[in-house]
Amino acid sequence: MTAVPERGPGRIEIRGLTKRFGSFTAVDQLDFTVQPGRITGFLGPNGSGKTTTLRMLLGLIRPTAGTATIDGRSYRDITEPLTVVGSALEATNFHPGRTARDHLRVLAAVAGVPDTRVDEMLELVGIPAAARKRAGGYSMGMRQRLGLAGALLGDPRVIILDEPANGLDPEGIRWLRGFLRHLAGEGRTLLISSHMLSEVEQTVDDVVIIANGRRVAEGTVAELHGEPTAYVRSSRLPALADALHRAGITSEPRDDGLTVRSGDLAHIGDIALAAGVPVHELRADQTHLEELFFNLTESDEHRNRNRSGHEAPPETLPPGELPPPSGAPVSTAAPSQEVDR
Amino acid sequence: MSAAIRSEFRKFFTTRLWWGMAIAVFLSGAAFATIVGLIFTSNALAGQAAGALPRTDADLAKAVYTGGIQIGYLLTLAIGIMMIGSEYRHKTITSTFLATPRRGRVMGAKVVTLLGIGAFYGVISLVGSVLAGAIILTLRGHSAFGDASIWRTLALSLLVLGLWALIGLGAGILIPNQVAALLISIGVAWIVEPILAAVLAIPAWGEHITPYLPSQATSATLGTMSAGINGQPVGQLSWWAGALVLMAYAAVMAGLGTWRTVRADIS
C-alpha cells in the first residue's frame, strides 16, 4: 500500500505535544526523542502526564496540539501496528473470564501470527502454566507478564511499556531488568515509563523526566549524574577553602563542612596536607539520580499540581537532603492516588 | 478488516457468555413455542377471542415459531451491548484499538460479527422453537409447514436478531455504563415502548406512528400478529417495510455509536 518501509529503525519523536482536558493541561508542549536501539526511561511522578503522553503516541488519545511519531508516522497510519510497535499500557486490560492464551489469540488474529507464537510468548515471559487459567484470578505480576507477552506477540521493533515494574516483587523486577536488557540487545527500541527512578536507573540508557506535563530533563544517565562533588570537614574551613581555591577547585560551605566541586578525594586530601589543614572527614557525595529526580520534580516551579498549593506536602524532605536510600521518595509513593489519565 | 472480524469472533467465543446465551436462547425458543402453541390451539380459547387468533395454519405456525422472538431479540440486544460494553468495562478496548488503530474498521468488524452472531443465535432459537412448535402443531392436527411464507418468516427472524444486536451495539456505546445500558435498553424495549404504543393509540394520528416502533416493526417483518391494547390487531407495515424500519434503527444506533467511538479519547 505505502512505499514507506514498515520496519524503520524505530525512532520515536514527540514534538510540541499538548493535551488539555477542559481547563486542565495534562501534557504541555512536550518535546523529546527516543533513539533507535536504546532503552529510554520516561520518568515523572504520578499524574505528571506520562500515561497521557504514551496514549497520544499510540493513537488512543487525540492530541490538542503537536505530533507523536514512530519513524515519521503516527501510530494510526501504521498498517500492521502490532508488528511494528508492541505496547503494554496497564496490567488491568484483560477480560477476567478469558484465559491468557485466548487473550493473546485475540491479538494474534489481528497481528496475523499463528497460535504457536502465542504459546512461545507465554513460555518466554514465564507463565505457560497460567495459559489456560482465566485472567480474573491472576496476580499483578502475572498480569504484567501477560501484558509483556502481548507487546512482543508481533515481534515489534519498538516496545512501549507503561509502569512495567508496578506490582512486581523484587525477584520479578530483577527478571524484568534482565529481560528488557535482552530485548535491547536484539536492537529494539524501548520506551519505559515509571514513577520510580530507582526501578529503571540500572536498566535505561537515556532518561526523559517530566513534571506537570512539561519536560524538565533529558539526557543519558551519565549526563544526568552531572559532575561529582565531595564533602570535607575541617577545624579550619576558611584556610581549606583558600587552599582549594588556589588549586583551582571551587567549594562552598555546607552544614559544618564544605562541598567541593571535585570527585578526586586523594587530590583534595593532598591539598589539605600541603596547606597544613587538619581533615576530620572526607567523602565523595553520592550523586544520587533519585535526588536529582526528586529535586527536579518537586522544586517550587514543578511542584506536583495534583496536591494542594497552600500547604507544603507534610512528608517532603528539606531541600538538599538525600531521600531514603531505597524505594521511592516518600512524597511520590502514593500508588493508590493514581491520577494518570 | 477480515483479520479484525476474526479477532472479534475469537473475543466472543473465548468467554463463557456465548454458551450461556446459547442455552438461554434455545430454551426460551422451545418454551415459548410450546406455550404459544398450546394456547393458540386450545379449544377453550377458540370461541371467545376468535378475532385475536391466527386464522390460517400458516399464520398459526408463524406465531408459534416466533413465540420466543421477543426474548430472543432482547438477548441479542444484550449481546450487542456487551460486545462493546464489556470492552469498556474491562478496558480491553485499549488493546483492541492498539491492534487496529483505525477505529472505524473495528466498528465495522463488530457490525459484521454481530450480524453473524445474531444469525447464529437465531438458528439456535429456531431449532428450539420449530422442534417444540412443530410437535405441538402436529399433535393438535394442524399443518406445521403449510406455506412457503413460513420459511420467509424463519429466515427473516435470523435477520431480526442480527439487527437487534446492532441496536444494542449502539446503545452500548451511547450509554457508557454496561449495566445501565442493559437495564435502560431492555426497559425501553419492554416497558417504555408498550406504554408509548398505548399513549399513541389515543390520538387519531397515533396509529400512523405506532407501526414504526421497533417491536412493531419486528412483528411486521416476521409477519406475525401483534395485538393492540384492546385485543384488536393494529395496523402493520408490510414485511419488507418492517425490515427496512428495523434496519434504519440498527443503522442509526450503530452509526451513532461508531461516530462517537472514533472520536473518543481512550484513557
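This one's a predicted model, so the numbers in the text were calculated from it and none came from an experiment. Letters go in sequence order (proteins before strands), and every chain restarts at 1.
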| If you tally heavy-atom pairs under 4.5 Å against chain A, which of B:I5, B:T92, B:T96 wins? | B:T92
| note | Okay, B:R102 and chain A: the region with an atom under 4.5 Å from a heavy atom over there is side chain
| request: Run the numbers on A:L60 and B:T94 for side-chain contact (heavy atoms from CB on, under 4.5 Å), then give the verdict. | output: CA-CA 7 Å; A:L60 295 168; B:T94 295; 3.7 Å; yes
Show which side-chain atoms of residues 155-166 of chain B pair as donor or acceptor with protein atoms under 3.5 Å away, not counting sequence neighbours.
from, atom 1, to, atom 2, distance (Å)
B:S157, OG, B:L154, O, 2.7
B:W164, NE1, B:T218, OG1, 3.0

| message | Can you list the residues of residues 108-129 of chain B that sit under 4.5 Å from chain A, counting heavy atoms only? | response | none
| remark: By residue number, those in residues 125-136 of chain A with heavy atoms under 4.5 Å from heavy atoms of chain B are A:R134
| Does atom CZ of A:R20 have more than 12 heavy-atom neighbours from other groups under 6.0 Å away? | no
| field | Flag if over 12 foreign heavy atoms under 6.0 Å of CZ, B:R263 | value | yes
| How long is the gap from NE2 on A:H103 to NZ on B:K11, to the nearest 0.5 Å? | 10.0 Å
| message | Can you tell me how far apart CG (A:L58) and CG (B:L98) are? Round to the nearest 0.5 Å. | response | 5.5 Å
| said: Counting only non-hydrogen atoms closer than 4.5 Å, can you tell me which residues of residues 105-122 of chain A sit against chain B? | reply: A:R105, A:V106, A:L107, A:A108, A:A109, A:V110, A:D115
| query | Is B:F9 atom CZ crowded by more than 12 heavy atoms from other residues, nucleotides or ligands, each under 6.0 Å away? | reply | yes
| Under-4.0 Å salt bridge between A:R55 and B:D265 | no
| So how far is it from A:E90 CD to B:S267 OG, rounded to the nearest 0.5 Å? | 9.0 Å
| For A:Y75, is it the side chain, the backbone, both or neither that has a heavy atom under 4.5 Å from a heavy atom of chain B? | both
| Does one side chain, of A:R98 or B:T14, offer a donor that lies under 3.5 Å from an acceptor on the other? | yes
| query | For B:A99 and A:P81, which heavy atoms make the closest approach, and how far apart are they? | reply | O-CG, 3.5 Å
| query | Roughly how far, to the nearest 0.5 Å, is the CG atom of A:D102 from the CZ atom of B:R10? | reply | 9.0 Å
| request: Name the region of A:L89, side chain, backbone, both or neither, that has any atom closer than 4.5 Å to a heavy atom of chain B. | output: side chain
| message | Quick check for you: among B:A3, B:A264, B:S86, which has the greatest number of heavy-atom pairs under 4.5 Å with chain A? | response | B:A3
| field | Toward chain A, the part of B:R89 with a non-hydrogen atom under 4.5 Å | value | neither
| Can you tell if the side chain of B:E87 reaches within under 4.5 Å of the side chain of A:H95, non-hydrogen atoms only? | no
| message | With rounding to the nearest 0.5 angstrom, report the OG to CG distance, B:S95 to A:L104. | response | 10.0 Å
